[in-house]
Amino acid sequence: NLILAFDRNMERVLRAIESKKNSFSTPPIGPLGMHVTIREGFEKWARPIQRVISGTLNSFVVANSQDNKLLKQIFISCGIKSNFNVITYKLTNFNYNHGKAKTEHPCIVDALEFSSRELECLFVDQSRIEKILLIEDKNEARDALKKRSRNVIMALSLKNARSGFQSSLSSYDGFRIDTIDYQDKMKMKTKSSDDGTKYLKDLINEERHELERTKVHYDQLFN
């Protein structure tokens, strides 16, 4: 159940919002991850993308400060212990093509579908998903960043089932690459029929290979 990935009491929150919807000027939308889907063909990027935009995925959006206050009261009454961000934001539909990365590589926004164009624009505004490239190999990502293509701020690359790479250029022409650890629970939808078992199988296979390498190492030491 995707909603339980956010918090075990999240279903209570959504029921409370529904029961008090007339008290809000505009009903809150969230958690926003419930409104985001990984496009078919981009399944391998689900966890790297989630790691980068997790703050927005965990958020709710409300229309004004009074709605913000009421929603936070609901969080407290429902026993929400996680730190959910409440964004006071006027949803709008705007054209962001002029700010999108100008490169042959796909970026995060190309890998996602949203329940509305307005929410897509919110993610663009909050997480800059139109400027972050998806490039499997970290060395290729470095070369792409060094070209300093227009509107590119970062690149994500793959490593294994547990972690990946986040690459960026510093203001002094230096190249920085960080390892990012993935989150176990998925907080976005996917069009794939996979229910998460592939991820678990990949982790098991990695553990098995690591045990085999360790065994070979000790066999060499004691023989």
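The analysis underlying the following values was restricted to heavy atoms, covering all of them including side chains, and did not include hydrogens, waters or symmetry mates.
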Asp110 pairs by salt bridge (charged side-chain N to carboxylate O under 4.0 Å, His left out) with which of Lys131, Lys100, Arg39? Lys100
Please report the interatomic distance CG(Leu4) to CG(Asn9), rounded to the nearest 0.5 Å. 9.5 Å
Donor-acceptor contact present, side-chain Thr88 to main-chain Val62, <3.5 Å: no
Verify same cluster id: Tyr96, Ile153 (apolar side-chain graph, 4.5 Å): yes
Heavy atoms, side chains only, cut-off 4.5 Å: are Arg142 and Ile177 in contact? no
Using side chain to side chain contact (heavy atoms under 4.5 Å, CB included), reason through Leu112 and Ile53 one step at a time and then give a plain yes or no. CA-CA 12 Å; Leu112 303 178; Ile53 67 171; 4.1 Å; yes
Gap between atom NE2 of His35 and atom NZ of Lys189 - 0.5 Å precision: 7.5 Å
Main-chain N/O of Asp184 paired with Arg47 side-chain donor or acceptor, under 3.5 Å: yes
Closest contact, heavy atoms only, Ala111 versus Leu134: CB-CD1, 4.0 Å
Shared ILVMFWY cluster between Met10 and Val36, side chains joined below 4.5 angstrom? no
If you apply the rule side chain to side chain contact (heavy atoms under 4.5 Å, CB included), what do you find for Asn85 with Asn58, and how did you get there? CA-CA 7 Å; Asn85 186 29; Asn58 276 327; over 6 Å; no
Interatomic distance, Lys159 atom NZ to Thr179 atom OG1 [nearest 0.5 angstrom]: 4.5 Å
Does Asp7 use its side chain to pair, donor to acceptor, with the backbone of Ile80 at less than 3.5 Å? no
Just wondering, are more than 12 heavy atoms of other shown residues or ligands nearer than 6.0 Å to CZ in Arg8? no
Could you pull out the closest heavy-atom pair between Leu71 and Pro28, with the gap in Å? CD2-CB, 4.1 Å
So for atom NZ, which belongs to Lys185, do other residues, nucleotides or ligands contribute more than 12 heavy atoms lying within a distance under 6.0 Å? no
What I'd like to find out is whether the side chain of Glu136 reaches to under 4.5 Å of the side chain of Phe165, using heavy atoms alone. no
Pro31 and Ile3, any side-chain heavy atoms less than 4.5 Å apart: yes
Taking only Lys NZ, Arg NE, NH1 and NH2, and the carboxylate oxygens of Asp or Glu, determine whether Glu18 and Lys21 approach each other closer than 4.0 Å. yes
Correct closest heavy-atom pair for Pro48 and Leu158 would be CG-CD2, 3.9 Å
Shortest non-hydrogen contact from Phe42 to Pro106? CE2-CB, 4.2 Å
Would you say Phe6 and Val13 make side-chain contact, with heavy atoms under 4.5 Å? no
Looking only at heavy atoms, which two atoms of Ala155 and Ala141 are closest? And how far apart? CB-CB, 3.9 Å
Between Tyr182 and Ser163, is there a donor-acceptor pair closer than 3.5 Å when you use the side chain of the first and the backbone of the second? yes
For the CD atom of Glu140 and the CG atom of Leu145, what is their distance to the nearest 0.5 Å? 11.0 Å
Beyond-backbone contact of Lys147 with Thr103, side-chain heavy atoms, under 4.5 angstrom: no
Determine, stepwise, if the pair Leu32 / Leu57 fulfils side chain to side chain contact (heavy atoms under 4.5 Å, CB included). CA-CA 5 Å; Leu32 294 182; Leu57 293 173; 5.7 Å; no
Hydrophobic cluster identity match, Ile49 and Leu119, side-chain contacts under 4.5 Å: yes
Leu156 side chain reached by Ile108 side chain, heavy atoms, under 4.5 Å: yes
According to the interplanar angle, ranging from 0 to 90°, do the rings of Phe84 and Phe75 count as parallel (below 30°), tilted (30 to 60°) or perpendicular (above 60°)? tilted
Do the side chains of Phe60 and Asn68 get nearer than 4.5 Å, heavy atoms only? no
With a 4.5 Å cut-off on side-chain heavy-atom distances among I, L, V, M, F, W and Y, is there a chain of contacts connecting Ile87 to Met188? yes
Once rounded to the nearest 0.5 Å, what's the spacing between atom OG of Ser167 and atom CD1 of Ile135? 8.0 Å
So, taking the atom named OG in Ser23 and the one named CD1 in Ile74, what distance separates them when rounded to the nearest 0.5 Å? 8.0 Å
Do any pairs count as a ring pair (Phe, Tyr, Trp, His ring centres under 6.0 Å) and have a residue in residues 99-142, sequence neighbours left out, and if so which ones? Phe114-Phe123
Can you give me the closest heavy-atom contact between Gln166 and Val52, atom names plus distance? OE1-CG2, 3.8 Å
In terms of hydrophobic clustering (I, L, V, M, F, W, Y; side-chain heavy atoms under 4.5 Å; direct or indirect links), are Met154 and Trp45 co-clustered? yes
Is there a donor-acceptor pair under 3.5 Å between the side chain of Glu43 and the backbone N or O of Gly41? yes
Validation row: Glu130, Asn151 side chains within 4.5 angstrom (heavy atoms): no
With distance as the sole test, does Arg12 use its side chain to make a donor-acceptor pair with the main-chain N or O of Cys78 at under 3.5 Å? yes
Is it true that a side-chain atom of Asp67 and a backbone atom of Ser25 form a donor plus acceptor pair closer than 3.5 Å? yes
